[in-house]
Amino acid sequence: MALQTPSMAEVAELTGSIENLVPLTAGQYTTGSLILMVSYGAHFAFILYFLMVSQQLAPRYRLVPIMSALVMASAGLSLMREFSLWEASYAFDGAMYAPMADGNTFTNAFRYGNWTITVPILLTQLPIAFALARPELHKRSLRMIIPGVLMIWTGLYGQFGETGDWSRLNIWGVISTVFFVWLIVEVRGVITAGIANSPAEIAAWPKNIWWYFLATWGLYPIAYALPQLGFTGDIVVGRQLLFSIADISTKLVFGIILSRYVLRRSALEGYAPAAEALDTTGAASKIASKRGD
Ligand code: RET
């Protein structure tokens with residue numbers, strides 16, 4: 001019996017990423033490049049922002065934007081890698097951008113690897129911003145990190161089923177969702193502690209952060225399930241867009257929100273540089289000139 005060489009489609013299916021199955025139009029290919037490029041560019045740019053704002057904060061809160069800067073660097077590098085991989089994996093054949101150029105395959109698995117670093121940092125930012133006492137902070141962080149990491153690793157294993165092994169995709173997706181629900185319960189506990197512990201003027205912030213957390217973290221399972229709607233260029237590009245919106249919301253905008261919260265909090269707790277950063281009346285300089293300084 002002659003040995004059958006597998007077809008390109010069969011090989012692509014084995015790579016476990018729908019990106020390797022679908023030829024893209026020039027518009028889709030360029031849109032995908034653009035989405036990935038804007039994502040890593042935004043993450044890198046905001047390293048500077050977070051390092052600068054940390055200087056306005058009371059010392060106990062400075063770690064919050066510094067942790068955002070770490071997340072920006074880590075996610076930026078990972079997204080830059082996804083961008084290079086995207087560029088290397090497609091070749092223009094005269095009509096379409098064909099996948100698996102020069103044997104290069106695309107994968108979203110690096111994202112999941114990166115979340116293993118960023119998710120524990122993002123979760124630990126919350127109890128630090130809410131000024132929970134250290135023993136409580138350590139306990140609560142660990143209780144969020146454990147389901148968070150298990151959620152990611154079970155999802156990482158399952159996502160290799162996205163090229164057609166729906167039982168792998170869905171069974172591991174459900175297992176991952178169980179860890180997500182456990183994580184949500186733990187985050188709610190931290191939010192409740194944050195509401196109790198916030199100065200009255202900003203007690204609404206933890207409540208709003210809670211809804212923001214649910215809405216933005218909830219985008220990832222949608223991106224995970226999306227390949228089941230079909231192997232098309234629009235799904236490939238739409239999913240990169242969804243991942244990017246989720247990345248910018250859960251890391252970058254989340255970091256800005258937490259930085260503003262701790263700035264308000266620093267000022268309310270009497271830290272003068274934070275009060276000055278928020279002052280629009282020039283009160284400090286008026287007092288100074290009245291004194292003749
Ligand atoms: C997976 C698998 C399918 C089920 C669920 C998932 C949830 C993923 C989440 C990821 C959050 C990532 C963040 C990254 C920031 O850098 C793993 C897709 C529920 C919630 C916030």
Side-chain angles (χ1 to χ4, degrees), residues 16-18 36 39-40 42-44 46-47 50 64-65 67-82 107-126 141 144-163 165-188 190-191 209-229 235 238-258:
S17 284
I18 61 164
L36 289 166
S39 294
Y40 81 71
H43 284 82
F44 281 142
F46 270 75
I47 295 174
F50 288 118
V64 172
M67 288 164 93
S68 281
L70 299 180
V71 168
M72 293 300 106
S74 170
L77 285 167
S78 162
L79 290 167
M80 194 163 76
R81 188 75 195 93
E82 292 285 359
T107 178
N108 285 298
F110 296 157
R111 291 179 180 276
Y112 291 69
N114 184 245
W115 300 342
T116 309
I117 311 291
T118 53
V119 162
I121 301 177
L122 291 168
L123 292 170
T124 308
Q125 278 180 300
L126 281 172
S141 300
M144 290 188 289
I145 290 170
I146 291 168
V149 169
L150 291 173
M151 169 190 82
I152 294 162
W153 288 352
T154 49
L156 168 61
Y157 185 74
Q159 60 89 39
F160 289 109
E162 71 174 35
T163 48
D165 189 348
W166 301 139
S167 51
R168 178 174 181 165
L169 189 76
N170 287 318
I171 290 169
W172 288 97
V174 168
I175 296 171
S176 173
T177 303
V178 172
F179 291 123
F180 188 34
V181 172
W182 172 8
L183 169 64
I184 288 173
V185 172
E186 294 297 338
V187 171
R188 180 65 232 188
V190 172
I191 296 281
I209 289 170
W210 164 245
W211 293 114
Y212 185 78
F213 165 82
L214 289 180
T216 56
W217 286 51
L219 296 175
Y220 289 98
I222 300 174
Y224 176 93
L226 219 51
Q228 291 176 95
L229 295 184
I235 297 277
R239 183 168 62 158
Q240 290 304 323
L241 181 65
L242 197 56
F243 269 137
S244 280
I245 293 172
D247 284 338
I248 291 176
S249 311
T250 58
K251 297 183 257 248
L252 198 157
V253 178
F254 177 75
I256 297 175
I257 294 171
L258 281 191

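Counting starts at 1 for both ligands and their atoms, in listed order.
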Handout entry: Residues that Ile47 engages under side chain to side chain contact (heavy atoms under 4.5 Å, CB included), provided they are two or more places apart
Key = Phe44, Leu51, Ala69, Met72, Ala73
Handout entry: Arg168 charged N/C atom sitting above Tyr157 aromatic ring, 6.0 Å / 45°
Key = yes
Completion exercise
Residues passing the ring-ring contact (aromatic ring centres under 6.0 Å, His included) test with Trp182, sequence neighbours excluded, are none
Handout entry: Side-chain donor/acceptor of Tyr212 to backbone N/O of Ser249, under 3.5 Å
Key = yes
Exercise for the section: Indicate yes or no for a side-chain donor-acceptor contact from Ser74 to the backbone of Val71 under 3.5 Å, with no hydrogens or angles considered. Expected result: no
Completion exercise
Within the heavy-atom cut-off of under 4.0 Å, ligand 1 is lined by Tyr112, Trp115, Thr118, Val119, Leu122, Met151, Gly155, Gly173, Ser176, Thr177, Phe180, Trp217, Tyr220, Pro221, Tyr224, Thr250, Lys251
Handout entry: Partners meeting ring-ring contact (aromatic ring centres under 6.0 Å, His included) with Phe180 (sequence neighbours left out)
Key = none
